[in-house]
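Below: the structure, in C-alpha cells.
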Amino acid sequence: MRLDELAKQIGAEIVGDGSIEVTSAATLEDAQPGQVAFLSNPKYQKQLETTRASAVIVASGVKEASAALLKAADPYYTYCLAVVALHGFRKHPHSGIHPSAHVDPTATIGEGSIVYPGVFVGPRCRIGRGCILYPNAVIYDDTLIGDRVIIHAGAVLGVDGYGFATHKGVHHKIPQVGNVVIEDDVEIGANATIARAALGSTLIAKGTKIDSLVMIGHGTKVGAHGLLVAQVGIAGSVTVGHHATMGGQVGVAGHLKIGDNVTIAAKAGVMADIEDQTVMLGIPAMPAARARRVYSVFMQLPELMERIKQLEQQIEELADSGDTPIV
Amino acid sequence: MRLDELAKQIGAEIVGDGSIEVTSAATLEDAQPGQVAFLSNPKYQKQLETTRASAVIVASGVKEASAALLKAADPYYTYCLAVVALHGFRKHPHSGIHPSAHVDPTATIGEGSIVYPGVFVGPRCRIGRGCILYPNAVIYDDTLIGDRVIIHAGAVLGVDGYGFATHKGVHHKIPQVGNVVIEDDVEIGANATIARAALGSTLIAKGTKIDSLVMIGHGTKVGAHGLLVAQVGIAGSVTVGHHATMGGQVGVAGHLKIGDNVTIAAKAGVMADIEDQTVMLGIPAMPAARARRVYSVFMQLPELMERIKQLEQQIEELADSGDTPIV
Amino acid sequence: MRLDELAKQIGAEIVGDGSIEVTSAATLEDAQPGQVAFLSNPKYQKQLETTRASAVIVASGVKEASAALLKAADPYYTYCLAVVALHGFRKHPHSGIHPSAHVDPTATIGEGSIVYPGVFVGPRCRIGRGCILYPNAVIYDDTLIGDRVIIHAGAVLGVDGYGFATHKGVHHKIPQVGNVVIEDDVEIGANATIARAALGSTLIAKGTKIDSLVMIGHGTKVGAHGLLVAQVGIAGSVTVGHHATMGGQVGVAGHLKIGDNVTIAAKAGVMADIEDQTVMLGIPAMPAARARRVYSVFMQLPELMERIKQLEQQIEELADSGDTPIV
C-alpha cells in the first residue's frame, strides 16, 4: 500500500514522501523499512531518531524523525486503524458452526457467527450475528449474547452462581434460575468465567472488554464500555457503571455499587461503594490521592518508627532535665 | 402451586392468604404478582413495603409487608427449599455419557451420572453416582470422585502438581505419582484447577463447595463442608480443617495447617498456621480484631505522620524554652 | 528394584543393607516397608526416627535413622531421580494425535508428541518433538512450540492480547498480529493463558515452568528457567530475566524490566523495574529486607499509635510543668 493511500484511509497528515510502499506494522524498535510504527508513549520518543520504520504515526506536536511522519490527533487510535488497514483481523479456518462444536438444537446462532471446534452452546441460548466463539468456550443454557461478541477459548458463561444456603453445617445448593446476558461488541478473554444469576440476569453491557481469567459473580451487572483486565474478580450482586476500568487482579466485594467512569488500580481490594468519576487504589481501596499519601507513609514506616523512638528519648531527657532544677 | 402447599413443603408459617397461586421465585425488587421473594439481609427490609411479590419468606420477627409472609427460623435456607420446590434443578439435555465426551475404557462412571460433551475422563478414574461433569471438564488419570459431585465446565482435576527439583539451574520434573480424591457432594467451579499429589492424595472432603478459578496445590487436604470463593489459591501440602470459609482471591502458602471453622476474609495472604475457630484478615493475614485495628491506623497514616511532625516541633520548642532559663 | 541398584542409578551413597527390595516412593510419614522416602526440609527431621520407610534419601550430614540411608549432595534432586527410576512418568493412553483433537491441516506436530482429545491446534502452528498437549488445551494460530514442551489441560496459548484503542469512549480492537513462542522444555499449567503479541512475539524461554491459572500478557518475554507459581499475572510488554521465581498470585505491571535471578514473594505487586539478583516482597513490592522492616512496623501499628498518644500526653504535661515556674 502506498503511504499516502494509508494516510488517507486512517485520516493522518503526511510529513514526508507519500509515494513509498508500506506493508505492515511494527514497534519503533523492531520496525524495518516498509513498516509503519507508532509513538504514543513519550517514554519511547528517543527511538524516533533511530527507528528503521518507513513511517511513524505520531501526535501533532512531534517535529522530526528518521522516518516519514503520519500526524494524528489520537495517534494510538490512528495506529489501530493502520493495523486494521495493513493486516486486517484474523482469517478464520472455517465459517459457521464447526462440526466438532456442540450446539444444542434449541439454541440459535446468528448469521456470520463462527463457532470453533469444542465449543458447547447449551439449550435455549441465543447468539447474535458476527460473533466468534473460540475453541472450547462453554455457554451454559439460556445465555443471551448480542452481535459481534468475541468469546475466547475456554471462557465459561452462565455457570451456576456460587449460591448455597448453609443449614446445620451443610451447604445446600440453591438452583440458579437466572441467566447471563452479554450485549453487543463485548469481548471475553480466555478462561474467564461469568456466573449466571440466582434470579434475573448477570449482565455485561455493550462494548465492555474482559481479559483472561476474569471472574464475574452471579447477578452482577457491568455497565457499557468497561475494561476489566486479567484476573479481576467481581463478587455477586455488584453494579458497575459505564466506562469502568479495573486493573489486573482487582477484587470487588459483593453487593456494592460502583459508579460511572471509575478507575480502580491493579490489585486493589474494593470493600465499599464508589462514586462516579473516582480513581481508587490500594487494599482496602481508597481514592487514589489519599491512597498515594497512605502508601507513601507506609513505605517509610521504619523511619517513622525511628522518629518515634527519638521523640521518646528526647522526652525522657527533657523530663529528666526538667526534674533537676526542682530538686 | 398454592401458597399453603408451598408453605407446607418448605416448613414455613403463613401470615396471609394461603389460597393464592405462586409460580416462581424472584428478588424483592424484581418480583411480580405470583412470585415469591425473600428477605434475609436486613439492609433490604424497606423493600418489604413496596415489593409486588405475592409472598415473602422472612424471619420470625418480621411483622408486616405488602405481601403474604412465609415465616421461617432460617429464611435463607427456607428460600433455598422454595426455589427447589418452584423451579427444581437444571434439566439436562441428555442423560449418561454424551458421545462427544472422552471416557477412558478403564474409567468407571456411576449410575445416574451425566457427562457432557467435551469432557475427558482419564485412565482408572472412578466417578460415583449422580455426578454431573459439565462440558470440557478434564479429569486426569486415577482421580477418585464420590457421589453427587458437580464439576463445572473447564475445571481440571488431577493435573500434575508443580513439583520440580532444581539442579545446576535447571528444573527437573518430579513425576507426580499421587492422585486427587473428591468426596461426596462436592462442587467444583468453572475453570478451577486441583493438582494431583506428588505422593499420596490431594483431598477435597465431603460437602465442600469450590468456586470458579480456584487453585488447589498438590497434596493439599481441604476438610469437609468448606467454602472456597472464586480465585482462591492454596499452595501445596496444606491441611485445611472442616467448615473453612475463604473469601475471593485469598492465598495460602504451602505446608500450613489451617484449623476447623476458620474464616479468612477476601484477598488475605495466609503465611502461618491458623488455630480453630479463628477469623483472619489482611496481608499478611492476622486475627480479624487485630487486623481491623492495624488497618484502621494504616488508613490514618498521613494524619499520624502529621502528629509526629507536630510532636517533633513541640519538642524542639520545649527544648529551646528549656535552654533559655539556664543561659 | 534392589536398593543398591537404585542407589547406583541415582548416584547416592548407601548406609545400610543394599540388598533389600524397594518398589515405590512415599513421604516419610506415609511410607511403608519397601518404600523410599526423602528428607529435604529439616522441619521433618524427627520423622527420621519413626518412619517405616525402607530407605530415606538424606543430605550428607545426616547420621542415623530407622531406615537405610541414601546420602546425596542434593537430596531433593536425588529424590526426583529416584521417583523417575521407581515410577517413571505417566504412560499415555494413546500415542500421536488423538482423533478427537482438532489440528489444523497447516499446523505441524513433531515426532513423538502426544495430542490428547479436545485439543485445538490452529493454523500455521509448529509444535516440536516429544511434546504433550493435554485435553482441551487450545493453541491459537501461528504459535511456535519447541521440543519436550508440556501444555496442561485447558491452557490457552496465543489468545488475542488485550489491546484496544479507546476513541470517543468506545474501545476499538487492535488486531493482534504477533504470536506466541514457547521454547524447549517449558511446562504450562492447567487453564493458564498466554496472550499473543500485538506485534512481534510473546516469549517463554527454555526450561521455564508455569503453574496453573497463570496469565502472561501480550508481548511479554519471560527468560529461561523461570518458575511462575499459580495465579501469577504478568501484564503486557514486560521483560523478565532468566531464573525468575514468582510466588502465587504475584502481579507485575506492564512495560517493566525484571532482571535475572529475581525472586518475588507470593502476592507481591510489582510496580517498578527490578535489578538482577533481587528478592522482592510486598504490595507494592520492595526489596525483601526493606519490606520485612516495613511490614514489621505495619503489624505493630496499633502499639505505635499508642506510643504517639503517650508522647502527646507527655509533651502536654511537660509544657504545663514548664509554664508553672513562669507564673
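Numbered from 1 within each chain, the chains take letters A, B, ... in sequence-line order.
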Practice item. Among A:E312, A:M299, A:K209, single out the residue with the greatest number of heavy-atom pairs under 4.5 Å to chain C. Key: A:K209

Check your understanding: Given that the side chain runs from C-beta out, which part of C:R196 has a heavy atom under 4.5 Å from chain A: side chain, backbone, both or neither?
Key -> side chain

Point to revise | 4.5 Å side-chain heavy-atom contact, C:P123 and A:H92 | key: no

Point to revise | Region of C:Q176 that comes under 4.5 Å of a non-hydrogen atom in chain A | key: neither

Review point. What are the residues of residues 279-286 of chain C, in order of number, with any heavy atom under 4.5 angstrom from a heavy atom of chain A?
Key: C:I283, C:P284, C:M286

Review point. Quick one: what part of A:H152 sits under 4.5 Å from any heavy atom of chain C, side chain, backbone, both or neither?
Key: both

Practice item. Classify the ring geometry between A:F298 and C:Y295 as parallel (under 30°), tilted (30 to 60°) or perpendicular (over 60°). Key: perpendicular

Review point. By a 4.5 Å heavy-atom criterion (distance strictly below it), what part of C:L311 contacts chain A: side chain, backbone, both, or neither?
Key: both

Review point. Which answer fits C:A195, side chain, backbone, both or neither, if we ask what part of it has an atom under 4.5 Å from a heavy atom of chain A?
Key: neither

**Study point:** C:A268 portion near chain A, given a 4.5 angstrom heavy-atom threshold
**Key:** backbone

Practice item. State the CG-OH distance between A:D211 and C:Y162, to the nearest 0.5 angstrom. Key: 5.5 Å

**Study point:** chain A contact via C:V232 - which portion, at a heavy-atom distance below 4.5 Å
**Key:** backbone

Check your understanding: With a 4.5 angstrom heavy-atom cut-off, which part of C:V294 approaches chain A: side chain, backbone, both or neither?
Key -> both

Exercise for review: Check the side chains of C:H167 and A:Y76 for a donor-acceptor pair under 3.5 angstrom, ignoring hydrogens and angles.
Suggested key: no

Exercise for review: Check each atom of C:D104 against the heavy atoms of chain A and say whether the ones under 4.5 Å are side chain, backbone, both or neither.
Suggested key: side chain

**Study point:** Structural part of C:V252 lying under 4.5 Å from a heavy atom of chain A
**Key:** neither

Study note, to complete from the structure: Under 4.5 Å to a heavy atom of chain A? For C:D160 that would be both

Check your understanding: Using the ring of each side chain (for Trp, its six-membered ring), is A:H225 parallel, tilted or perpendicular to C:H171, with breaks at 30° and 60°?
Key -> perpendicular

Check your understanding: Relative to the ring of A:H98, is the ring of C:H102 parallel (under 30°), tilted (30 to 60°) or perpendicular (over 60°)?
Key -> perpendicular

Revision key, fill the gap. Assert top hit (heavy-atom pairs under 4.5 Å, partner chain C, pool A:E187, A:H243, A:E303) equals A:E187

Check your understanding: Do the ring centers of C:F120 and A:Y134 come within less than 6.0 Å of each other?
Key -> no

Check your understanding: Using non-hydrogen atoms only, which part of C:V138 is less than 4.5 Å away from chain A: side chain, backbone, both, or neither?
Key -> side chain

Review point. Would a distance-only check, ignoring hydrogens and angles, find a side-chain to backbone donor-acceptor pair under 3.5 Å from A:N136 to C:G118?
Key: yes

Revision key, fill the gap. The side-chain contact (heavy atoms from CB on, under 4.5 Å) partner of A:S212 among C:I194, C:L213, C:V159 is C:V159

Check your understanding: Taking only heavy atoms into account, what residues of residues 24-31 of chain A are found under 4.5 Å from chain C?
Key -> A:A25, A:A26, A:T27

Practice item. Using modelled atom types only, decide if a donor and an acceptor are shared between the side chain of C:Q249 and the backbone of A:Q249 within a distance under 3.5 Å. Key: no

